[in-house]
There are 2 protein chains.
Amino acid sequence: MCKTDKRDDILSAAMELMAEQGFHGAPMAMIADKAGVGAGTIYRYFENRDVLIRDVYHMIYDEFVSFLLNRYPTDRPVRECFFHIGKGIIDYLIRNPLKFRYTEQFHNSPYGLEFRKLKLSNDTGEFDFGRDLYYKGLKHQVIKEIPLPIFFDLAFAPIFWAVRDHHTGFVVIDDALAEVIVSSCWDSIRI
Amino acid sequence: MCKTDKRDDILSAAMELMAEQGFHGAPMAMIADKAGVGAGTIYRYFENRDVLIRDVYHMIYDEFVSFLLNRYPTDRPVRECFFHIGKGIIDYLIRNPLKFRYTEQFHNSPYGLEFRKLKLSNDTGEFDFGRDLYYKGLKHQVIKEIPLPIFFDLAFAPIFWAVRDHHTGFVVIDDALAEVIVSSCWDSIRI
DNA sequence: TCATTCGGAATGAACGTTCATTCTTAGTCG
DNA sequence: CGACTAAGAATGAACGTTCATTCCGAATGA
């Protein structure tokens, strides 16, 4: 068993336990148990609990973003790009309940705030579909003239809330309903 | 000093500390300190920590709902009712940052899930503006035919996210922007 | 044999809750 | 009115538990 194996086992165990039980229902000893390693071993791969929590998030985040960007129709109309992303989010998060729950936990915690601040001031030049949609939409005059964060809220907040409702059993989101949801979000941002 | 005074002091102290530091940054001893009472005293008014947390929420919730329902224009068109609520939410939550932060914490915790489940199965006959808007909107054919939870998500999720952005400093919501936000939410639910 | 990695008992700090004790208040009696 | 008493409210030190982190002996492999 090589180094990466154990690291991944720990990341997965942490993700599952924290998604199911919340950050505070997943002590290090339990994570170690589930990962099949000793408690001390975790500290060979992660400096401390905070680092572990952030690393789990980054693992999920990177995979999520790369899924959304797969076949992203950059050259097509903004509306089409938006539908690609919107339906992608629903599709991915419905098929990955644990990852959804984990990111929800994360976003609503001090870690999440820190992460959001970093993203909004992001000038790393890294591609960001939120910005892409916003600036293209403005340029072609197909979306309302509103601040970027508000654009983001209108476009995506209902989608995330809807996925949460799906996972708590309040609604069942099938393809048809997903289409309606994304389309309604589009209605709120389009001119 | 009468009984209610101390109880209120404890509720306020708990609300402020938990809003600012999160549930886990506000130990009972610190709450007691801030409230100017002994640690043990808290347990004369609240059975335990969970009860305290829930009671703080109910205090905020009741006040919030009663604010929103004040001058609710029941007999006017659905659109007008929706604007009343939407702008009321923004107004109230922007003027009460601590209460906003507290409710956000609460909703994204096991307590919150429990509360949501209770509300959705709510047949207490108590007036609920969400349901009122939904059924009136459907009856008069001014809103889309979508499930109630999805209606709720489209109508209100962006509003709450926008308020969060305001409080974290990402945007400044003035009256004009509030109008745009509520109006955009309306665009997403109207036929 | 030596270096590296691992496991899990040990450690100590943090925290919710309890409870023996003190304090406050209101009622009673001389 | 003032002294005494009892009820119950308030206190905060102490307790037991939980948990992140450390540490050291065992295991592994070169």
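To find a chain, count down the sequence lines: A is the first, B the second, and so on, and within it residues start at 1.
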Under 3.5 Å between N/O atoms: give me all the protein pairs with nucleotides 28-30 of chain D, atom names plus distance.
none

If I take atom CZ in residue A:Arg44 and atom P in nucleotide D:dT21, what distance separates them, rounded to the nearest angstrom? 16 Å
Provide a list of protein-nucleic acid N or O atom pairs under 3.5 angstrom, restricted to nucleotides 15-19 of chain C.
residue	atom	partner	partner atom	Å
C:dG16	OP1	B:Arg49	NE	2.9
C:dG16	OP1	B:Arg49	NH2	3.2
C:dG16	OP2	B:Met28	N	2.8
C:dT17	OP2	B:Tyr43	OH	2.8
C:dT17	OP2	B:Arg49	N	3.0

If you take the centroid of each ring, where Trp contributes its six-membered ring, are B:Tyr61 and B:Phe106 closer together than 6.0 Å? no
Residue-phosphate contact under 4.0 Å: B:Tyr45 side-chain N/O, D:dA10 OP1/OP2: yes
Find the distance between CD1 (B:Ile143) and CD1 (B:Ile191) and round it off to the nearest 0.5 Å. 8.0 Å
Rounded to whole angstrom units, what separation is found between the CG atom of B:Asp9 and the P atom of D:dA10? 11 Å
What is the distance, to the nearest angstrom, from the CG atom on A:Asp5 to the C1' atom on C:dT5? 15 Å
Side-chain atoms of residues 23-43 of chain A: list all donor-acceptor pairs with protein atoms under 3.5 Å, sequence neighbours left out, distances to 0.1 Å.
residue	atom	partner	partner atom	Å
A:His24	NE2	B:His24	NE2	3.4
A:Lys34	NZ	A:Glu16	OE1	3.3
A:Thr41	OG1	A:Gly38	O	3.4

Would you say B:Lys6 places a side-chain N or O within less than 4.0 Å of OP1 or OP2 belonging to D:dA9? no
Checking B:Arg79 against B:Phe83: charged group under 6.0 Å from the ring centre and within 45 degrees of the axis? yes
Is the gap between the ring centers of A:Tyr111 and A:Tyr57 under 6.0 Å? no
Spacing of B:Ile42 atom CD1 relative to D:dA9 atom P, expressed in whole Å: 17 Å
Side chain to side chain donor-acceptor pair (under 3.5 Å): pairs with one or both residues in residues 138-155 of chain A, sequence neighbours excluded: A:Lys144-B:Ser184, A:Lys144-B:Asp187
Here the distance between atom C1' of C:dG8 and atom CG of A:Asp33, to the nearest Å, is 10 Å
Cation-pi, A:Tyr135 ring and A:Arg131 (6.0 angstrom, 45 degrees): no
For A:Asp175, is the CG atom crowded, meaning more than 12 foreign heavy atoms sit under 6.0 Å from it? no
Could you tabulate the donor-acceptor pairs under 3.5 Å formed by side-chain atoms of residues 91-99 of chain A, not counting sequence neighbours?
residue	atom	partner	partner atom	Å
A:Asp91	OD1	A:Arg95	NE	3.2
A:Asp91	OD2	A:Arg95	NH2	3.3
A:Tyr92	OH	A:Glu63	OE2	2.8
A:Asn96	ND2	A:Tyr92	O	2.8
A:Lys99	NZ	A:Glu63	OE1	3.2
A:Lys99	NZ	A:Glu63	OE2	3.0

Measuring from atom CE of A:Met15 to atom CD1 of A:Ile53, what distance do you get when rounded to the nearest 0.5 angstrom? 14.0 Å
Helix axis bend for the helix from C:dT1-D:dA30 to C:dG30-D:dC1 - C1'-based end axes, five pairs, 10° rounding: 10°
Minimum heavy-atom separation for A:Tyr72 and A:Cys81, please, with both atom names. OH-CB, 3.6 Å
